[in-house]
Amino acid sequence: MKATAKAPANIAFIKYWGKLDEKLRLPCNDSISMNLSHAFTITTVEFSDKYHKDEFIFMSNVILGRSEATTPESDSGQARMTKQDVKEEQRVIKQLDRIRKIADSKLFAKVVTKNSFPKGTGIASSASGFAALTLAAAAALNLKLSEKELSILARLGSGSACRSIPDGFVEWKSGNTSVESYAYSLFDENYWDLKDIIVLVSPEEKKTSSSKGHENVNSSLFFKTRLANLPDKIKRFKKALQEKNINIFGELLEGEAVELHTIMMTQSPPLFYWNSATMDIIKKVQDWREQGLSVYFTIDAGPNVHLICGKKEEKIVLVKLKESGHVDNLIINSPAKGAKIIDQHLF
Ligand code: PMV
């Protein structure tokens, strides 16, 4: 009754922002992402009658967007729990409850989890976190679920987690009901060797979680326009992906990131996730492109910038980053497989 899963974080090329159904986490629009090879979560779940409540150990802090680590050595987590931690724990328990219900089990669980990315980097890890938790818990209870069922379950924990279940380049169809809203692979991880160089510009935890941010999306005057234009944009984006046309792909990618943040900044209350380093990198990317370098940016709900380029351009982008002083905190990713069961347990 013990299983361990490894799940990647994913970077959204076409963003999910806004929910049709809050509880079911049904999104307002389809989205497209790529799984990341070097930003992932590993989670071990054990169900047993030796546990009298659900227990959590976060081996490195970033899991589920936490700011404080609870290490197995100190194991004094409860005392150090912030309000945010308690909320996140409740979300994890809810997810365990969903899986227990399917398995008709009343057993409590011990959950130990760690991230590949370093403490305090400010990368949202709810996608990799909930994908790993869902797969490990389902396997520990011996449930035989399809990829689609796992994606739906992961979505109920955290929307974008559904995209961390299938391999490689992934599309999440919004759907009108829970069973229709799941992600599937458009292309596997070997399809296109794109690089995603994440520039971690801020170690700070964001003040407003994306979960919260989604709630006020309709207050932006521009949201309706975004939704009206998205189907055509997605069509063009998929064509560029199909043709591996990095220039059209990159232009759409950047436009989409700026559009997402325009909505965020014009919501009420407004969300300003960028900081001055974010803006600095955006400008640098524009300069580098003028010099003939094919590199594009995208940004999720935070200040960190994802630089997307081909394998050929990776070295020179790294040189440019070094020259501009942004070299300390980089995570270099290739496309990756989705969530998988692994043999090495964390306890
Ligand atoms: O799954 P959530 O609630 O963390 O929302 C993710 C929102 C964005 O990262 C901004 C976009 C996306 O599609 O991942």
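Atoms within each ligand, like the ligands themselves, are counted from 1 in listed order.
Atoms of ligand 1 found under 4.0 Å from any heavy atom of A301 (numbered from 1 in listed order, with element): 10 (C). Atom numbering of ligand 1 starts at 1 in the shown order; those under 4.0 Å from a heavy atom of S126 are 4 (O). Those atoms of ligand 1 that come under 4.0 Å of a heavy atom in D300, given as number and element, are 9 (O), 11 (C), 14 (O). Counting atoms of ligand 1 from 1 in the listed order, those under 4.0 Å from a heavy atom of A12 are 12 (C), 13 (O), 14 (O). Taking a cut-off of under 4.0 Å to the non-hydrogen atoms of K15, the atoms of ligand 1 that pass are 13 (O). Within ligand 1, the atoms closer than 4.0 Å to a non-hydrogen atom of G159 are 1 (O), numbered from 1 in the order shown. Within ligand 1, the atoms closer than 4.0 Å to a non-hydrogen atom of S158 are 1 (O), numbered from 1 in the order shown.
In this structure, D30 does not pair ionically with K238, as no charged nitrogen and carboxylate oxygen lie closer than 4.0 Å. Between E180 and K148, none of the side-chain N atoms (NZ, or NE/NH1/NH2) sits under 4.0 Å from a carboxylate O, so this pair counts as no salt bridge. Using a 4.0 Å cut-off between charged nitrogen and carboxylate oxygen, K283 and D287 do not count as a salt-bridge pair.
Two residues are said to be in side-chain contact when any heavy atoms from C-beta on lie closer than 4.5 Å; P335 and Y191 fail this criterion.
The aromatic ring centroids of W192 and F187 lie 6.0 Å or more from each other.
Other residues, nucleotides and ligands place more than 12 heavy atoms under 6.0 Å from the CG atom of D97. Environment of NZ in K94: sparse, with no more than 12 heavy atoms of neighbouring residues, nucleotides or ligands closer than 6.0 Å.
At under 3.5 Å, a nitrogen or oxygen of S210, whether backbone or side chain, sits near a nitrogen or oxygen of ligand 1. Among the atoms of N10, none of the N or O lies under 3.5 angstrom from an N or O of ligand 1. Between W17 and ligand 1, not a single N/O pair is under 3.5 Å apart.
In this structure, R25 has no heavy atom closer than 4.0 Å to ligand 1. Contact between S31 and ligand 1 is absent, with no heavy atom of the residue lying under 4.0 Å from the ligand.
Distance check: E259 CD to L230 CG gives 6.0 Å after rounding to the nearest 0.5 Å.
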